[in-house]
K.L.:
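Have a look at this one before I ask anything.
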Amino acid sequence: MTNVKINNEINLNYPDGFKEMGEEELTRYFGTPKDRWGVYSADDHSILSVSWKKAGFMSDAETELYEMTARLRRRLLNYQQITSYDLKIAKTKAYGVRFEYRVNDSARVHIGDLIVFKNKGKYYAVYFITRKHNAATARSAFKEALDSITLG
């Protein structure tokens, strides 16, 4: 496991075999590298990413998750939400969704999780995306990364 400090507030361990994404890769997969960190595993075809933004005055993490899933629904081909769930990230209430989508011009189906929580006036979104056929194996790496998060 490799430890990283994200935005000077989040400590996270990510599994061996994952490589940090540069600006070009972050732009390719997420549209922009601004306020985002990410790693990927070419072997597992998996991406782990964290983004952040200033929290709005009258909003909460659950509302932020709803707005983010609405954007995913518009942008991803055949987006389908599988489930939603609540969890704790370093003793902080977090909200998550699991979804799947088909990659453009391909028969490949990807499955992902999006988890949103608030820390120090910012919303953090943790994304994990992998190919559906590999999800059971890759999900254990995601769980380890989530369990390793500490807030500073």
K.L.:
Tell me, do Tyr40 and Glu25 make a side-chain contact under 4.5 Å, heavy atoms counted?
P.N.:
yes
K.L.:
Going from CZ on Arg36 to CD1 on Ile6, what distance comes out if it is rounded to the nearest 0.5 angstrom?
P.N.:
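Output value for this atom pair is 11.0 Å.
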K.L.:
With a 4.5 Å limit on heavy-atom distance, are the side chains of Phe30 and Ser49 in contact?
P.N.:
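Yes, close enough: below the 4.5 Å cut-off.
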K.L.:
Looking at CG of Asn78 and CZ of Arg73, how far apart are the two atoms once the value is rounded to the nearest 0.5 Å?
P.N.:
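CZ of Arg73 is found 13.5 Å from CG of Asn78.
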K.L.:
Is it the case that the ring center of Tyr101 lies less than 6.0 angstrom away from the ring center of Tyr79?
P.N.:
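No, too far apart.
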K.L.:
Measure up the Phe128 and Phe142 rings against each other and bin them: parallel (under 30°), tilted (30 to 60°), perpendicular (over 60°).
P.N.:
parallel
K.L.:
If every non-hydrogen atom of Thr130 is compared with every non-hydrogen atom of Ala138, which pair is closest and at what distance?
P.N.:
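Minimum heavy-atom contact is OG1-CB, 3.7 Å.
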K.L.:
Looking at every non-hydrogen atom in both residues, tell me the closest pair between Gly96 and Leu65 and how far apart they are.
P.N.:
N-CD2, 3.8 Å
K.L.:
Can you get from Ile115 to Val97 by hopping between Ile, Leu, Val, Met, Phe, Trp and Tyr side chains that sit under 4.5 Å apart?
P.N.:
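In one cluster with Ile115: Val97, no.
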K.L.:
Should we say atom NZ of Lys132 is surrounded by more than 12 heavy atoms from elsewhere, each under 6.0 Å from it?
P.N.:
no
K.L.:
Take Asp35 and Lys53 through the test side chain to side chain contact (heavy atoms under 4.5 Å, CB included) and record every step on the way to the result.
P.N.:
CA-CA 7 Å; Asp35 298 333; Lys53 75 176 213 176; 5.7 Å; no
K.L.:
Taking atom types as modelled and ignoring hydrogens, do the side chains of Asp60 and Tyr95 form a donor-acceptor contact shorter than 3.5 angstrom?
P.N.:
no
K.L.:
Indicate the atoms forming the closest heavy-atom contact of Leu48 with Ala145, along with that distance.
P.N.:
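What the structure gives for the nearest pair is CD2-CB, 3.8 Å.
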K.L.:
Looking at every heavy atom in both Gly38 and Leu26, which two are closest together, and how far apart are they?
P.N.:
N-CD2, 4.0 Å
K.L.:
Report the residues that fulfil side-chain hydrogen bond (donor to acceptor under 3.5 Å, both in side chains) with Asn3, sequence neighbours left out, ordered by chain and then residue number.
P.N.:
Asn13
K.L.:
At what distance, to the nearest 0.5 angstrom, does CD of Glu23 lie from OG1 of Thr32?
P.N.:
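Glu23 atom CD to Thr32 atom OG1 measures 8.5 Å (nearest 0.5 Å).
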K.L.:
Do the side chain of Glu144 and the main chain of Ala141 share a donor and acceptor less than 3.5 angstrom apart?
P.N.:
no
K.L.:
Return the set of residues passing side chain to side chain contact (heavy atoms under 4.5 Å, CB included) with Glu67 (not counting sequence neighbours), or none when no residue passes.
P.N.:
Thr63, Glu64, Arg71
K.L.:
Per the side-chain contact (heavy atoms from CB on, under 4.5 Å) rule, which among Arg98, Gln80, His133 passes with Ile111?
P.N.:
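Single pass found, and it is Arg98.
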K.L.:
If we only count heavy atoms from C-beta on, is the Leu114 to Tyr127 side-chain gap below 4.5 Å?
P.N.:
yes
K.L.:
In the single-linkage hydrophobic clustering (I, L, V, M, F, W, Y; side-chain heavy atoms under 4.5 Å), do Leu76 and Met68 co-cluster?
P.N.:
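They do share one cluster, since a chain of ILVMFWY contacts under 4.5 Å joins Leu76 to Met68.
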K.L.:
Val116 versus Tyr124: any side-chain heavy-atom pair under 4.5 Å?
P.N.:
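They are not in contact (no side-chain heavy atoms under 4.5 Å apart), so the answer is no.
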K.L.:
Evaluate side-chain hydrogen bond (donor to acceptor under 3.5 Å, both in side chains) for Trp52 paired with Glu9, printing each intermediate quantity in order.
P.N.:
CA-CA 10 Å; Trp52 57 92; Glu9 291 185 16; over 6 Å; no
K.L.:
Grouping I, L, V, M, F, W and Y whenever their side-chain heavy atoms are under 4.5 Å apart, do Phe18 and Val126 come out in a common cluster?
P.N.:
yes
K.L.:
Can you tell me how far CG of Asp113 sits from NZ of Lys143, rounded to the nearest 0.5 angstrom?
P.N.:
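Those atoms lie 12.0 Å apart.
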K.L.:
Roughly how far, to the nearest 0.5 Å, is CZ of Arg139 from CG of Asn134?
P.N.:
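Answer for the CG-CZ pair, Asn134 versus Arg139, is 10.5 Å.
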K.L.:
Do the side chains of Asp44 and Arg131 get close enough for a salt bridge, i.e. N-O under 4.0 angstrom?
P.N.:
no
K.L.:
Between Leu87 and Phe117, is there a side-chain heavy-atom distance shorter than 4.5 Å?
P.N.:
no
K.L.:
Please find the pair of heavy atoms, one from Met1 and one from Asp16, that lie closest to each other, and give the distance.
P.N.:
N-OD1, 2.9 Å
K.L.:
Roughly how far apart are Lys120 NZ and Ile10 CD1, rounded to 0.5 Å?
P.N.:
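Rounded to the nearest 0.5 Å, the NZ-CD1 separation comes out at 8.5 Å.
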K.L.:
Answer yes or no: are there more than 12 heavy-atom neighbours, outside Arg28 itself, under 6.0 Å from its atom CZ?
P.N.:
no
K.L.:
Any side-chain donor-acceptor pair under 3.5 Å between Ser51 and Tyr123?
P.N.:
no
K.L.:
State, yes or no, whether a side-chain contact exists between Tyr14 and Glu20 at a heavy-atom distance under 4.5 Å.
P.N.:
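A side-chain contact under 4.5 Å exists here.
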K.L.:
Between Ile149 and Ala90, what is the shortest heavy-atom contact and its length?
P.N.:
O-CB, 3.5 Å
K.L.:
With a 4.5 Å heavy-atom cut-off, do Leu151 and Thr92 have their side chains touching?
P.N.:
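In short, these two side chains touch, coming nearer than 4.5 Å.
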